[in-house]
Amino acid sequence: MRRDPLQIPTVVLLVLAMAAWWHGADFYVHEVLLSEIALFAMLAMSLDLLVGYAGMVSLGHAAFLGIGAYVTAGLTVFLGWPVALAMPASALVAGLAALVVGSFVVRLGGVFFIMITLAIGQMVYAYFLKAREFGADDGMSGIPRLDLSFLGLDTADPAVFSAVLLLAALAVYLLLRVVVRSPYGATLVAIHQNEGRVRALGCPVHRYKLGAYVLAAAIAGLAGSLTTQHSSFVSPDLAFWTVSGEVLIMVILGGGGSIVGAAIGACAFLVLKHWLSAGESWEALGLPTFMADHWQLVMGSLFVLVVLVAADGIYGRARRLLRRDGPQAG
Amino acid sequence: MLRATALTKSFGSLAVTAGVDLALPAGERHGLIGPNGAGKTTLFNLLSGELRPDSGQVLLDGVDVTHAPSDVRARAGLGRSFQRNNLFPDLTVRENLVIGVAIERGVTRVWWRGLHRDRAVVADAERQAAALGLGEELDTPVRHLSYGTQRQLEIGLALVRRPKVLLLDEPTSGMSPEETHAMLALIRGLPSALTLLIIEHDMDVIFEVADRITVLDYGRVLLEGTPEQVRASAEVRDRYLGLDEGLTP
Amino acid sequence: MLLDPQFLVIQVLNGLQLSALLFLLAVGLSVVFGLMNFINLAHGTLYMLGAYFAVAVAGAFDSFWAALVLAPLGVAVVGAVAHVTLFRRLQSAGPMKQVLVTFGLIFVGFDVVRIVWGRLPHTVPTPETLAGSVQILGETYPTYRLFIIGVGLAVLVALHLGLDRTRLGAVVRAGVDDRTMVAALGINVELVFFAVFCLGCWLAGLAGVVAAPVFSVFPGMDMSVLILALIVVVLGGPGSLWGAALGALVIGMADTFGQVMFPAFASVTIYALMAAILLFKPGGLVPVRPSH
C-alpha cells in the first residue's frame with residue numbers, strides 16, 4: 001500500500017546486473033551461481049509473502065521445495081510425463097499440501113507458528129528419508145530438463161538453462177508484486193499488524209492467511225521442480241531444515257516486506273557463501289583456509305548481527321536512508 | 001435487534017459474566033455502566049465474538065450467532081470499537097479506512113490488480129475520514145496521531161460497515177473536554193435506525209445519549225431501566241455512582 | 001512380538017530412557033516459554049555442547065563424574081553469556097526477534113563444534129560403576145540406561161519440590177500465571193527469568209552429558225532432539241512441569257515403539273500427534289493458563 005520509490009529502480013538495476021553477469025559468465029557461474037541465485041530468489045520471494053507481508057514466520061518452507069522436486073522426479077522418471085506438465089503439477093501438489101497443512105497451522109500465531117512449521121518441514125524430510133519408493137536417503141536421479149527445442153533452445157546448455165531460471169525468477173517477482181500491491185496484499189499487511197481488528201471488520205482472516213500460505217508453497221513447489229531439473233537429481237536434503245533456515249536468512253538479510261529485498265538477500269547470501277567456501281578467500285584475508293569449510297559460522301553470525309542491529313535488512317535500510325533524506329521524512 | 005440470554009463466561013474459577021440478559025430493540029441507545037471489573041468489556045467480547053460464552057445465547061437481528069466468530073458477526077451487521085485503540089499503527093489514516101472499506105465491499109479478495117485502481121474504495125475512505133474530521137490527517141501514520149484523534153479513528157473504523165448494531169467501548173476515555181464534546185456530537189449524529197450499546201465512564205455522556213441503561217456488577221445485571229430510574233436507584237448510587245465522581249445530577 | 005513380555009519390558013525401558021532425556025531438555029524450554037513467551041531454538045545446541053564438554057572433561061580428568069558436574073555448569077555459563085549479550089538486548093523487540101537470533105545460533109554452534117572437535121563422532125566411556133548390566137525378566141539391560149531414567153526422575157522430583165516449596169518456585173509459578181502481577185509485586189522479574197533460563201541451560205547440558213555414553217557425539221546431534229523437545233513443549237503445554245513430564249513420556253514411548261514397529265511412519269505419527277494437540281488442545285495436555 002505504501003509508496004516505495006526505490007522498488008522499480010532497484011529491480012531494473014538488479015535485472016540489468018543479472019543480464020550483464022549472465023552475458024559475461026563462464027560455465028561455472030551459469031551452472032552453479034546464477035542458477036542457484038535464481039532458484040533461491042524464487043524461494044525467498046515466496047517466503048517474503050509470508051514473513052514480510054502476512055507476518056507468518058515459517059521455518060519449514062523447504063518442505064514444499066522438496067515436495068515439488070519429488071513430484072517432478074516421480075512424474076518424469078516413473079510415469080514418463082513431459083517436464084512441461086510435471087512443472088505445473090509440482091506447483092499444484094505443493095499448493096494442495098499447503099492447503100491441507102495450512103488449514104491447521106494458520107490458526108497459530110507467532111512462536112507457535114515457527115515451531116509447527118519447523119516440525120512439519122522435518123516431517124516431510126523424515127518421510128522422504130525413509131520412503132523406499134523414492135529412493136529413501138539415496139534420492140532419485142535422471143530427471144530431465146524442460147524441452148525448449150521447439151524454440152531452438154537446448155536446455156542442457158548451462159547458459160540457456162540459467163537464463164530460463166532467471167526468467168522464471170523474474171516472473172515470480174512480477175506475480176508477487178501484483179499480489180502484494182492488490183487489495184488482497186494490503187489485507188495481508190493489515191492482518192500482520194492487527195489480526196483481531198481485521199477480523200472484527202468482517203474479514204475471515206484464516207482464509208486469507210491460508211491463501212498466502214498456499215501461493216507461497218506453490219511457488220516453492222515450482223522452484224523445487226526447477227531445482228531437480230537443474231541438478232537432474234533429487235534427495236531428501238532439499239527438504240532439510242537448514243534449507244528452510246537459509247531461505248529465511250535470505251529474506252531477513254535482504255529485508256522483508258518488499259519482495260525485491262528477498263531477491264537481493266538471495267544474491268548476497270549465495271555470493272557470500274560461494275566466496276566464503278573458497279579457500280583462496282580466506283587466504284587473501286590472512287586467515288586459515290580450513291575456515292572455507294565453515295561458512296555457516298560466518299552466515300549464522302551475520303544473521304544474528306542483522307537481526308540485532310539492522311532488522312529491516314539491506315533493502316529496508318537503503319529505503320529508510322532514502323526516505324530520511326527525501327521529502328517524505330517524518 | 002440484539003438479544004443476549006443467560007450469557008455466562010468464566011476464567012478459571014472467576015465468573016466474569018454470570019447469566020446476563022440483554023435485549024435491545026432496533027434503534028435503541030443503550031448504556032452499559034458498572035464499576036471497573038464488572039465485566040463490561042467481557043460482555044462486549046461475548047457479544048461481538050472475540051470470546052465464546054460457556055453457556056447462553058446471542059441473537060443478532062433474530063439470527064443465532066452464539067458460535068459465530070467475530071468476522072461473521074461483523075458481516076451480519078455488528079460493529080464495535082475497542083476500549084484500547086485497536087488500529088493499524090504503521091498504516092496511515094487513509095490506509096486504515098481503506099482496509100475497512102475494502103473489506104466491507106468485498107474487494108479484498110482481489111489479488112490481480114493494484115489497490116490504487118479501486119478509486120471508489122479510496123474515495124469512500126477519504127469521504128469517511130472527512131466525516132470524522134480526519135480529512136487533514138489522511139497521510140499521517142496512525143501511531144503519530146494524538147490519542148484523541150486515534151480514538152476518533154477507532155470509532156470511524158467501527159462505522160465503516162454501516163452496522164445495524166454498534167458496540168462502543170468507552171469512546172471518550174482519555175479525551176479532553178473538547179474532544180469529548182466532538183465525540184458526543186458524532187454519536188448523536190449516528191443514524192436513528194442504528195442500535196447502539198455503549199460502555200462509558202463519563203456519566204454525562206451516558207445520561208445524554210442513552211434511552212435505557214443496564215448496570216453491571218460482578219458479572220450480573222444489577223438494574224436495567226431508564227436513565228431516570230438508574231439515577232433514582234439507591235442501590236446503584238451505593239454500589240457505583242456514589243463512588244464515582246462522574247455523577248453530576 | 002508385541003505380546004512378548006521381555007520385548008515389551010526392554011522397549012518400555014528404552015522409551016523411559018528417551019523420555020528422561022526429553023524431559024531434561026523440554027522442561028527448561030517449557031518454563032522459559034511459559035515465563036517469557038520466548039523459545040530458544042538453540043536449546044538443542046546446548047544439549048550438543050553438553051555432550052562435547054563431557055568429551056573434553058572426561059578426556060582431561062579421565063572421569064565421567066567430573067564431566068557430570070562440570071559440563072552442565074559450562075553449558076549454563078554459555079547460556080548466561082548468550083542471555084546477557086543477545087537475548088536481553090532484544091527483550092523489548094519482542095519474542096520473534098529473540099527466536100530468530102537463537103535460530104542463527106544453531107548455525108554458529110554447529111560450526112563451532114566442528115572447528116573445535118572435528119566432524120567425526122566422539123564417544124564418552126560409560127563410568128565403570130555403571131558399566132555392568134542387570135537382569136530384567138531374563139533379559140540383560142545396561143545399568144547405565146537405568147541411571148539415565150533415574151536422573152530424569154530425580155530432576156523431576158527436585159523441580160517439583162523446588163517449585164512447590166521455595167520462594168523462587170512460587171515466583172516462577174506466579175510468573176507463568178500472570179507476568180504483570182509478579183512485576184507489580186516488586187519482585188525483580190528479570191533476575192528470576194535469568195535464573196530460570198540458566199537452570200534450563202544447565203538441564204540441557206546435563207541431558208547432553210548423560211546421553212553422551214549412549215549415543216555418539218557428533219555435529220548435528222542437536223536437531224533431531226530439538227524437534228522432539230519442541231513437540232514435548234507443545235504437547236505438555238508451555239510453562240508446565242508436569243506437562244513437560246507427561247509430554248516427554250508420550251513422545252519418548254511413541255518414538256521408541258514407533259521406530260520398532262512401523263519405522264517408516266514413526267516420525268510422521270509424532271508430528272501428526274503434535275498437530276492434533278495444537279489444533280484441539282492448544283494449551284497442551286496440562287494447560288497452566290485458562291484457555292480462551
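None of these values were measured; they are calculated from a predicted model.
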Backbone N/O of C:M48 and side chain of C:D222: donor-acceptor pair under 3.5 Å: no

Which atoms of A:V307 approach chain C - backbone, side chain, both or neither, heavy atom under 4.5 Å: both

Taken in chain and number order and not counting sequence neighbours, the residues that satisfy salt bridge (Lys or Arg N to Asp or Glu O under 4.0 Å) with A:D137 are none

Go through C:I115, C:V99, C:I39, C:L226 and name the one with the most non-hydrogen pairs under 4.5 angstrom from chain A. C:I115

Taking the side chain as C-beta and beyond, is there a heavy-atom pair between A:M140 and A:F78 under 4.5 Å? yes

Check each atom of C:L105 against the heavy atoms of chain A and say whether the ones under 4.5 Å are side chain, backbone, both or neither. both

Is chain A contacted by the side chain of C:V101, its backbone, both, or neither, given a heavy-atom distance below 4.5 Å? both

Please flag which part of A:L129 lies under 4.5 Å from any non-hydrogen atom of chain C: side chain, backbone, both or neither. neither

Between C:H122 and C:S216, is there a side-chain donor-acceptor contact under 3.5 Å, judged purely by atom types and distance? no

Check each atom of A:I114 against the heavy atoms of chain C and say whether the ones under 4.5 Å are side chain, backbone, both or neither. side chain

Name the residue from A:M56, A:K209, A:H192 that meets the side chain to side chain contact (heavy atoms under 4.5 Å, CB included) definition with A:L50. A:M56

Do the side chains of A:Y213 and A:L49 get nearer than 4.5 Å, heavy atoms only? no

Most heavy-atom pairs under 4.5 Å with chain C, out of A:A131, A:G300, A:A136, belong to A:G300

Please classify the contact between C:I227 and chain A as side chain, backbone, both or neither, with a heavy-atom cut-off of under 4.5 Å. side chain

Throw together a table of side-chain donor-acceptor distances under 3.5 angstrom for residues 250-258 of chain A, partners on residues two or more places apart or in other chains.
from   : atom 1 : to     : atom 2 : distance (Å)
A:S258 : OG     : A:G255 : O      : 3.4
A:S258 : OG     : A:G261 : N      : 3.1

Between atom SG of A:C203 and atom OH of A:Y208, what is the distance when rounded to the nearest 0.5 Å? 4.5 Å

If contact means a heavy atom pair closer than 4.5 Å, which residues of residues 18-30 of chain C contact chain A? none

Flag if over 12 foreign heavy atoms under 6.0 Å of CZ, C:R89: no

Non-hydrogen contacts under 4.5 angstrom with chain C: give the residues of residues 271-298 of chain A involved, or none if there are none. A:F290, A:M291, A:D293, A:H294, A:W295, A:Q296, A:L297

Are any non-hydrogen side-chain atoms of C:V234 and A:I116 less than 4.5 angstrom apart? no

Whatever's closer than 4.5 Å to a heavy atom in chain C on A:M299 counts as neither

At a heavy-atom separation under 4.5 Å, does A:L305 approach chain C through its side chain, its backbone, both, or neither? neither

Regarding C:R119 and the six-membered ring of C:F218, is the cationic atom NZ or CZ under 6.0 Å from the ring centre and inside 45° of its axis? no

Does some side-chain heavy atom of A:S301 sit less than 4.5 Å from a side-chain heavy atom of C:F107? no

Donor-acceptor under 3.5 Å (C:Q98 side chain, C:F87 main chain): yes

Is a donor on one side and an acceptor on the other found under 3.5 Å between the side chain of A:S58 and the backbone of A:T117? no

